[in-house]
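It should be emphasised that the depicted structure is a prediction, and the values quoted were computed from it without experimental measurement. Chain letters run A, B, ... following the sequence lines, proteins first and then strands; every chain starts at 1. We use all heavy atoms of the structure for the numbers below, so side chains are in, but hydrogens, waters and symmetry mates are not.
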Amino acid sequence: MGIIEYIQLVFSDYTLRTITLGTAVLGAVTGMLGSFAVLRKQSLLGDAISHAALPGIALAFLFTGAKDSNVLLIGALISGLIGAFWIRGITTKTHLKADTALGLILSLFFGFGILLLTFIQKRPDANQAGLDKYLFGQAATLVESDVWLMAFVAGLCVLVLLFFWKEFKILLFDKDYAQTLGFNTKFIDALITSFIVLAIVLGLQTVGVILMSAMLLAPAAAARQWTNSLGVMVFLAAIFGASAGVFGTAISATQNNLSTGPVIVLVASVFVLFSFVFSPSRGLLFKRIRLIRNRNDLELQKTLTFMYHIVQDHEDISHPHAIKILNNFRGYSRKGLKKLIDKNYVKVEGEMWSLTEEGFLRASNLYNQNEKDD
Amino acid sequence: MGRIAVKVDDLTVAYNYKPVIWDIDLQIPEGVLMAVVGPNGAGKSTLIKAILGILKPIAGSVTIFGKPYKSQRKHVAYVPQKGSVDWDFPTTAFDVVLMGTYGDLGWIKRPGLKEKKRALEALEKVGMLSFKNRQISQLSGGQQQRVFLARALVQNASIYFMDEPFQGVDATTEVTIINILKELRKAGKTVVVVHHDLQTVPEYFDWVTFLNVKKIATGPVKDIFNDDNLTKTYGINYKVSVQK
């Protein structure tokens, strides 16, 4: 299927349109909120919360017998919130570090959730099938009302972000200081955590408890590479998240119906990889290039300085010297000399070189200029 | 001596069972530039955090100009330890200093032109105006410290609490900071500084508190900064003779 054909299909096919919209909105919300999780060094919180949601889904099913996704999601929300606040409780009230608390809650809740799932499956009840879709997610089960719910949460999330932007920022950067300014940091903290839980729960049906945390982290980690501004980071993370949703759905729909959740996560991971390598300021590639370029520049400057010291001993700066002398200098290379000639700092005639007026001036200013740049 | 700026009564703070500071009584007169000195783990930072309400004390009370801290928040500014935040946070020097205006603004309201002007003035005061758009991770340790100081200056408070502002800074920054502190004192402000370098205490400060879980002594540097108190505080025979 060609791209144009596919795009036409997205607009004409109800199911595909619903899934595409759903995954896009979901990606945007989780990207935005994921930025906060990443900056608070709580990358694993999402993982713990999504796993903690599983027993809630199972219990909601056991109590109500309903398979309506909204009922199950409320169950997930409640148990996800309990998990999240237990983690906070453990870290503040005991000696345990955050990673220990996260691991503890994650495995405890997930284990309990799996236990309940197997219990449900063993019941002589035809209705149980399909609960395990929450493990890996099943985007194909998204219906229009799910997308509306996601859109509502996304809108609410944007509103809250705009309202409490300054409070979120100061809490993330310097919590103690925020408290001395009179902000109720516990409230802001709870607000962020609640929204993160909400976003995760919304994604369970699509991406599943196991991979959900990647939706939170990957767009944010990718976005961080491209900017040094919190606002831009949150915006970019939303874009990356939404794109991962759209592209992931497209790939999954066109390639033999590969499972959508994992494909979305893989697309998001490709964004991360690309950003780590190619971001202009923080990316590995440009860092490497800058390093080499700086080193070459420095070597060139050093060569020029070396020449300058030789020339200084003569009254006439255009007095020619043998190129052989330059071999005494470690940083010297033919290529470097050629660059200096190109810059019109040095003239070469035969096997002799001399500094030009410009080169002499440049060399005498080098030291001062380095100081100025600092 | 005028009013009492900060009054601490019977303050005790403990993490788990072991008290970090024990039964501290302390009065800080208005207008002094005071050093809090003591060995590592003496509870210097804890004392400041407890005064500022960041840590909940087990017992004791704190008043600022005779009233509870909560009602006097706007009179108090805080410079935390530089190492307490993540300097790779995506923000600029200017933005960090602007945070000093958030307290006046209160909830939801965004900083406007007036606040931005104040932030720029504070940056200029600490000699960091030309770095205002720098990502904070690209500042040197001393520059980061100056940004923190500027953020507190923006608050335009009467009392400043600073947690080791001289830690790991170069000579230029140290001079800049101490000059600003002395200016603050001249303007009648009260400045409390957790300090490590005993040699500079007599030169920089006029008031000192010796702390080692308990309060050892507090008073004018010229009266109490002596070998006796240093020995009591640090537990070893101290021979930093005070240069008069």
### Message
Tell me whether the count of non-hydrogen atoms from other residues, nucleotides or ligands lying under 6.0 Å of CZ in Phe247(A) goes above 12.
### Response
no
### Task
Supply the atom-to-atom distance Thr91(B) OG1 to Ile170(A) CD1, rounded to the nearest 0.5 angstrom.
10.5 Å
### Message
Heavy-atom cut-off 4.5 Å, strictly under: side chain, backbone, both or neither for Arg40(A) against chain B?
### Response
neither
### Task
With a 4.5 Å cut-off on heavy-atom pairs, point out which of Lys175(A), His95(A), Met233(A) contacts chain B the most.
His95(A)
### Query
Do Pro90(B) and Val232(A) come within less than 4.5 Å of each other through their side chains, counting heavy atoms only?
no
### Task
Sort Phe187(A) into side chain, backbone, both or neither according to what part of it lies under 4.5 angstrom from a heavy atom of chain B.
side chain
#### Entry: Between Tyr177(A), Trp165(A), Phe183(A), Phe163(A), the one whose heavy-atom pairs under 4.5 Å with chain B are most numerous
Tyr177(A)
### Task
Tell me, yes or no, whether the heavy-atom count around Lys182(B) atom NZ, taken from other residues, nucleotides or ligands under 6.0 Å, exceeds 12.
yes
### Contact check, side chains of Leu52(B) and Gln179(A), non-hydrogen atoms, under 4.5 Å
no
### Message
Which atoms of Ile136(B) are under 4.5 Å from chain A, going by heavy atoms: the side chain, the backbone, both sets, or neither?
### Response
side chain
### Query
For Trp107(B) and Asn184(A), which heavy atoms make the closest approach, and how far apart are they?
CZ2-N, 3.5 Å
### Message
Is the shortest side-chain heavy-atom distance between Asn228(A) and Thr92(B) below 4.5 Å?
### Response
no
### Query
Of the backbone (N, CA, C, O) and the side chain (C-beta and beyond), which part of Tyr15(B) lies under 4.5 Å from a heavy atom of chain A, both, or neither?
neither
### Query
For Glu121(B), does the CD atom have more than 12 heavy-atom neighbours from other residues, nucleotides or ligands under 6.0 Å away?
yes
### Message
For the CG atom on Leu113(B), are there more than 12 heavy atoms of other groups (residues, nucleotides or ligands in this structure) within a distance under 6.0 Å?
### Response
no
#### Entry: Trp22(B) atom CH2, neighbour heavy-atom count above 12 within 6.0 Å
no
### Message
Check whether Lys166(A) reaches the backbone of Gly106(B) with its side chain - one donor and one acceptor, N or O, closer than 3.5 Å.
### Response
yes
### Task
Among the options Val79(B), Asp88(B), Asp104(B), pick out the one with the most heavy-atom pairs lying under 4.5 Å from chain A.
Asp88(B)
### Query
Minimum heavy-atom separation for Glu167(A) to Ile108(B), with atom names?
OE2-N, 2.7 Å
### Message
Tell me whether the count of non-hydrogen atoms from other residues, nucleotides or ligands lying under 6.0 Å of CZ in Arg290(A) goes above 12.
### Response
yes
### Message
Counting only heavy atoms not in Phe235(A) (residues, nucleotides, ligands), do more than 12 fall under 6.0 Å from its CZ?
### Response
no
### Query
With under 30° as parallel and over 60° as perpendicular, where do the rings of Phe173(A) and Phe89(B) fit, or are they tilted in between?
tilted
#### Entry: Side chains of Ser84(B) and Asp176(A) in contact at under 4.5 Å (non-hydrogen atoms)
no
### Task
Could you tell me whether the side chain of Met99(B) reaches within less than 4.5 Å of the side chain of Leu181(A), counting heavy atoms only?
no
### Query
Side chain, backbone, both or neither: which part of Lys74(B) has an atom under 4.5 Å from a heavy atom of chain A?
neither
#### Entry: Phe148(B) vs Asp174(A), side-chain contact (heavy atoms from CB on, under 4.5 Å): CA-CA, chis, key distance, verdict
CA-CA 11 Å; Phe148(B) 256 21; Asp174(A) 197 343; 3.8 Å; yes
